[in-house]
Amino acid sequence: MAPSFLSFVPLYGIYLRRCFATSGLTSQFIDIDDHTTIHLWAPNPDHQTPQQQKPALLLLHGFGPSAMWQWRRQAQFFSPHFHVYVPDLVFFGDSTTKSKERSEVFQAVSMGKLMEKLQVKKYHVMGTSYGGFVAYHMAKLWPEKVEKVVIASSGVNMRKADNMELLQRANVENVEDIMLPETATQLRTLTRLAMSRRFTMVPDFFWKDVVNQLYSENRNEKLQLLKGITLLAGDDSCKLPPLQQDVLIVWGDKDQIFPLKMAHELEELIGKKTRLEIIQNTSHVPQIENSTQFNNIVKNFLCGSS
C-alpha cells in the first residue's frame with residue numbers, strides 16, 4: 001500500500017465532497033426503519049422554498065465505490081434542473097443494515113422507504129449496472145410513484161450463460177474476482193472490462209491503494225449481495241415482466257461487462273414505451289467516459305413529453 005501522503009483516494013474524496021456541496025447537496029443520514037440507515041447526498045430541506053419546486057431524480061450506483069465516486073458529473077449537471085438524491089445502497093459507503101436480507105429487491109424496498117421518509121411523492125429513477133437492477137424493481141413495485149426510468153449499462157435480462165461468458169472474457173472463475181477485486185491484477189481486469197481507455201502505465205501501488213481504500217469495506221456483505229441477485233435467470237429464457245413507465249436504456253457500444261446485444265434484447269423485453277441510446281467509444285461507464293453526451297441524452301428524455 002502506498003504511503004498515506006501519496007494516496008490519491010482521500011485527496012480526490014475531498015474534491016468529490018466539495019463538488020456535491022457546491023451542487024447544493026448535503027451529506028445526510030436517514031433511519032428508514034429500526035434496522036437500516038441510509039447515507040445520501042440530497043438537497044438541504046431547510047434551504048428549499050416553494051419557488052424552488054423541481055422534479056425529483058434518484059440516482060442509484062453500481063457495484064464499486066460509494067455513490068459520490070460514481071455520480072459526480074451527474075450530480076453537478078442535473079442539480080440545477082432537478083432535486084437530486086444520491087444514496088449509497090446498503091453496504092456501500094456509509095449505508096448499513098442489521099437485516100439479513102441481501103437481494104436487489106431489498107435494496108429497492110430500502111430506497112422506496114428512503115424516498116418516503118424524505119416525503120418525495122413522485123420521482124424519476126436512474127440506475128447504472130447493479131443500480132439498474134434496483135431501479136427496475138422500484139419501477140415495478142411503485143408505478144404510481146416512479147415516473148420515468150433510466151437503466152444504464154445494466155444487464156437486468158442477464159442469464160447464467162451471460163454470466164459464464166463474462167467469466168471467460170475476464171479469465172476468472174468467480175464473478176466476485178471481477179466485481180469485488182482484492183488485488184491490483186483483479187482491479188486491472190475490472191478496469192479493462194469497464195472502460196474503453198487503457199491504463200497500462202499506472203503502477204501497481206496505485207491499484208493496491210484503490211483496492212484497500214474503496215473495495216475492502218463490507219466485502220463479505222457485498223459478496224452476499226452478488227449471490228442474492230434474484231433477476232439472474234436459470235435457463236436460456238428470460239421472462240422479464242415489462243414496466244409501465246417510459247424507459248430509457250443507455251449503453252456503451254464497447255461494454256464488456258454487459259455486451260451491447262443485451263441492451264437490444266432488454267429494449268424488446270422491458271416494455272413498449274422503451275428506447276435505447278448507444279454511446280459510441282465507451283464501455284460500462286458511459287456516464288463517466290462521455291458524461292456530456294450521457295447527461296444530455298438523459299436530460300432530453302426526462303424533460304421531454306411522454
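All values reported here derive from a predicted model rather than from experimental measurement.
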message = Just by distance, no angles: are the side chains of Gln74 and Ser291 close enough, under 3.5 Å, to form a donor-acceptor pair?
response = no
More than 12 heavy atoms from other groups under 6.0 Å of CD on Glu165 = yes
query = Aromatic rings Trp207 and Phe199: how do their planes relate, parallel, tilted or perpendicular, breaks at 30° and 60°?
reply = perpendicular
ask   = Are a donor atom and an acceptor atom from the side chains of Glu289 and Ser196 found within less than 3.5 Å of each other?
value = yes
query = Arg188 side chain to Val202 main-chain N or O, any donor-acceptor pair under 3.5 Å?
reply = yes
query = Has the side chain of Ser153 got a donor or acceptor atom that lies under 3.5 Å from a matching backbone atom of His284?
reply = yes
message = Test of understanding: clusters of I, L, V, M, F, W, Y form through side-chain heavy atoms closer than 4.5 Å, transitively. Do Phe8 and Ile288 belong to the same one?
response = yes
inquiry  = Has Ser283 got a side-chain atom pairing as donor or acceptor with Lys254's backbone, closer than 3.5 angstrom?
reply    = yes
message = How long is the straight-line distance from OH of Tyr123 back to CD of Glu147, given to the nearest 0.5 Å?
response = 10.0 Å
ask   = Can you tell me how far CD of Glu173 sits from CG of Leu167, rounded to the nearest 0.5 angstrom?
value = 9.0 Å
inquiry  = Just by distance, no angles: are the side chains of His39 and Ser27 close enough, under 3.5 Å, to form a donor-acceptor pair?
reply    = yes
key: ILVMFWY cluster, Leu89 and Phe29 together (side-chain gap under 4.5 Å)   = no
message = Before you tell me yes or no, could you show the steps for Ser7 and Gln213 under side-chain hydrogen bond (donor to acceptor under 3.5 Å, both in side chains), namely the whole-Å CA-CA distance, both residues' side-chain angles and the distance that decides it to 0.1 Å?
response = CA-CA 9 Å; Ser7 178; Gln213 299 209 43; 2.7 Å; yes
query = Where the side chain of Arg102 meets the backbone of Lys227, is there a donor-acceptor pair that is under 3.5 Å apart?
reply = no
request  = Flag the pair Tyr12 / Tyr15 as yes when their ring centroid distance falls below 6.0 Å, and as no otherwise.
outcome  = yes
query = Pick from Thr96, Asp31, Thr97: which one makes a side-chain hydrogen bond (donor to acceptor under 3.5 Å, both in side chains) with Thr36?
reply = Thr97
query = For the atom pair CG (Leu269) and CG (Leu240), what is the distance rounded to the nearest 0.5 Å?
reply = 6.0 Å
query = Between Cys19 and Thr22, what is the shortest heavy-atom contact and its length?
reply = O-OG1, 3.0 Å
message = Please give me the minimum heavy-atom distance between Ser79 and Lys54, naming the atom from each residue.
response = O-NZ, 2.8 Å
query = Do the ring centers of Phe92 and Phe63 come within less than 6.0 Å of each other?
reply = yes
ask   = Is there a donor-acceptor pair under 3.5 Å between the side chain of His124 and the backbone N or O of Leu57?
value = no
ask   = Hey, does the side chain of Asp253 reach the backbone of Thr282 with a donor-acceptor pair shorter than 3.5 angstrom?
value = yes
Main-chain N/O of Phe205 paired with Asp209 side-chain donor or acceptor, under 3.5 Å = no
query = Side chain of Asn174, backbone of Glu176: donor and acceptor closer than 3.5 Å?
reply = no
key: Atom pair NE2 (His83) and CZ (Phe78), whose distance is rounded to the nearest 0.5 Å   = 15.5 Å
ask   = Backbone N or O of Val120 within a donor-acceptor pair of the Lys145 side chain at under 3.5 Å?
value = no
request  = Would you check if the side chain of Asn163 reaches a backbone N or O of Met158 as a donor-acceptor pair within less than 3.5 Å?
outcome  = no
